[in-house]
Colleague: 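I am attaching a structure below and will ask some questions about it afterwards.
For the single chain, residues carry numbers from 1 onward in sequence order.
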Amino acid sequence: GGGEGEGVGEDGGTGGGEGGEGGDGGRATRVLAVGDCAGWAVEDCDVRGGVRVGGRGELALVCCRITGDASLPPATGVLVQGRARALLRACRVEGHQRNGVTAQNSARLWMQHCVVRDNGLAGIKLAALRPNGVISCCVIIANGRMGLLARDCATLAVEACDIEGNTPG
């Protein structure tokens, strides 16, 4: 799809998330940001840093590797917020200082055949208002606090996933 996006720059922190997610006062650097009504499809890419989709944006990441970058401020790998929708298929999300993937507010998240590993907090987090997600055939391992976190009226379906070796907080 096509839409206006941003290059490397400061995220304005439009979400009301906690711990620097969305409500971070503009400190988190996002390498790819999709907002408003933009629709993007990104395939077979390496992304160093964070990805954010907000507003009513739509993003499909296919066969991508989203890797944390210690030279950037602490961030989540993929942040989906507002009424945005995101699909991650056959992606690797790893090495972020915060969560691997976060969906918050009324966001919708679909993940299929992904690996989420070695992130500082949760592998996948759904929180605040009513986000919902479907996680299928994914491997969620070796994250710092927990594999999956769903709270604040979040709805999460998990199917045929391997979830192991995540350190309890």
Colleague: Mind listing the closest non-hydrogen atom pair of H96 and G49 along with its distance?
Modeller: CE1-O, 3.2 Å
Colleague: Under 4.5 Å side-chain heavy-atom separation, chaining through any Ile, Leu, Val, Met, Phe, Trp or Tyr, what else clusters with V115? Say none if it is isolated.
Modeller: V139, I141
Colleague: Hydrophobic cluster membership, with links at side-chain heavy-atom distances under 4.5 Å among I/L/V/M/F/W/Y: are L87 and V47 in one?
Modeller: no
Colleague: Working to the nearest 0.5 angstrom, can you tell me the gap between C153 SG and R130 CZ?
Modeller: 4.5 Å
Colleague: Side chains of V34 and V51: does their closest heavy-atom pair fall under 4.5 Å?
Modeller: no
Colleague: For the residue pair G100 and V93, what are the closest heavy atoms and their distance?
Modeller: O-CG1, 3.2 Å
Colleague: Distance-only, no hydrogens or angles: does the N143 side chain make a donor-acceptor pair with backbone N or O of N166 under 3.5 Å?
Modeller: no
Colleague: Nearest 0.5 angstrom please: L59 CG to L88 CG, how far?
Modeller: 7.0 Å
Colleague: Please report, to 0.1 Å, the donor-acceptor pairs under 3.5 Å made by any side chain of residues 60-74, with sequence neighbours excluded.
Modeller:
| unit_1 | atom_1 | unit_2 | atom_2 | d |
| --- | --- | --- | --- | --- |
| R65 | NE | T67 | OG1 | 3.3 |
| R65 | NE | E94 | OE2 | 2.7 |
| R65 | NH2 | E94 | OE2 | 2.8 |
| D69 | OD1 | S71 | N | 2.9 |
| D69 | OD1 | S71 | OG | 2.7 |
| D69 | OD2 | S71 | OG | 3.4 |

Colleague: Taking the side chain from N99 and the backbone from A122, do they hold a donor-acceptor pair closer than 3.5 Å?
Modeller: yes
Colleague: Measuring only between side-chain heavy atoms, which start at C-beta, is W110 closer than 4.5 Å to R85?
Modeller: yes
Colleague: So, for R108 and V80, which heavy atoms are closest and what is the spacing to 0.1 Å?
Modeller: O-CG1, 4.1 Å
Colleague: Identify the two heavy atoms, one from I140 and one from G147, that lie closest to each other, and give their separation to 0.1 Å.
Modeller: CG2-O, 3.5 Å
Colleague: SG/C114 to CZ/R92 distance, rounded to the nearest 0.5 angstrom?
Modeller: 10.5 Å
Colleague: Measuring from Q104:CD to L129:CG, what's the distance to the nearest 0.5 Å?
Modeller: 9.0 Å
Colleague: Distance from L149 atom CG to L121 atom CG, nearest 0.5 Å?
Modeller: 10.0 Å
Colleague: Hey, could you give me the CZ/CD distance between R117 and E164, rounded to the nearest 0.5 Å?
Modeller: 10.0 Å
Colleague: With heavy-atom distances below 4.5 Å as the criterion, would you say the side chains of V116 and M111 are in contact?
Modeller: yes
Colleague: Under 4.5 Å between any side-chain heavy atoms of I135 and L109, yes or no?
Modeller: yes
Colleague: For N105 and G82, indicate whether the former's side chain and the latter's backbone hold a donor-acceptor pair under 3.5 Å.
Modeller: yes
Colleague: Is there a side-chain contact between Q112 and S136 in this structure, where contact means two heavy atoms from C-beta onward sitting under 4.5 Å apart?
Modeller: yes
Colleague: Is there a side-chain contact (heavy atoms from CB on, under 4.5 Å) between K125 and T76? Walk through the geometry before answering.
Modeller: CA-CA 10 Å; K125 174 184 170 184; T76 289; over 6 Å; no
Colleague: Below 4.5 Å, heavy atoms only, C-beta onward: do V134 and E159 meet side chain to side chain?
Modeller: yes
Colleague: Quick one: closest heavy-atom pair of C137 and C161, and the distance?
Modeller: N-SG, 3.8 Å
